[in-house]
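Below is one structure, written out as structure tokens; comments come after it.
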Amino acid sequence: MAYNTKLADRIREALAHLPDVEEKEMFRGVCFMVDGKMCVCVSGEEMMCRIGADATEKVLEQNGVRQMIMREKVMNDYVYVSEEAFHTQKDFDHWIKLALDFNPRAKASKKKK
């Protein structure tokens with residue numbers, strides 16, 4: 001899988017203080033699960049953040065941010081964020097914070113048997 005490993009390292013470092021972080025390969029990259037729930041992923045050169053529908057609605061007007069659409073279905077809680085929207089450390093931290101703030105309210109996926 002070809003994805004931005006430097007971005008993955010930045011996310012890994014940003015989440016290092018948390019007790020329950022697991023990495024899974026998916027979405028053409030790596031996904032960081034926090035407390036058993038998808039939180040932030042690296043997909044290609046983009047960051048995919050699970051921030052909730054309310055926050056998604058507010059950020060879609062920003063440059064470098066787009067709605068996640070999977071199999072023609074809009075995924076309301078998720079956005080793809082390109083580097084232009086997280087170029088500075090402050091911007092990067094903002095996206096990580098949005099994802100972590102939503103994580104306690106996010107629903108965990110059903111476990112596959």
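Atom-to-atom distance recorded for F32:CZ and E23:CD is 4.0 Å, nearest 0.5 angstrom. Here the NE2 atom belonging to H17 is positioned 7.0 Å from the CG atom belonging to L15, to the nearest 0.5 angstrom. Going from atom CG of L18 over to atom SG of C39 covers 8.0 Å, rounded to the nearest 0.5 Å. In this structure, CE on M33 lies 8.0 Å from SG on C41, to the nearest 0.5 angstrom.
Relative to the six-membered ring of F92, R10 meets both conditions, a distance below 6.0 Å and an angle of at most 45° to the axis.
D77 places none of its side-chain heavy atoms less than 4.5 Å from the side chain of T56. Side-chain contact check for M47 versus I11: some heavy-atom pair is nearer than 4.5 Å. Contact check for F102 versus D54: no side-chain heavy atoms found under the 4.5 Å cut-off. Counting heavy atoms from C-beta on, the side chains of V40 and V34 never come closer than 4.5 Å.
Residue pairs meeting the side chain to side chain donor-acceptor pair (under 3.5 Å) criterion with at least one partner in residues 29-45, sequence neighbours excluded, are N4-E45, R28-S43. Among residues at least two apart or in separate chains, side chain to side chain donor-acceptor pair (under 3.5 Å) pairs with a member in residues 90-102 are T88-D91, Q89-D93, K97-D101.
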Extract all donor-acceptor atom pairs below 3.5 Å that involve side chains of residues 61-74 and protein atoms in other chains or at least two apart in sequence.
residue : atom : partner : partner atom : Å
R66     : NE   : E46     : OE2          : 3.2
R66     : NH2  : E46     : OE1          : 2.7
Q67     : NE2  : M75     : O            : 2.8
Q67     : NE2  : Y78     : O            : 3.4

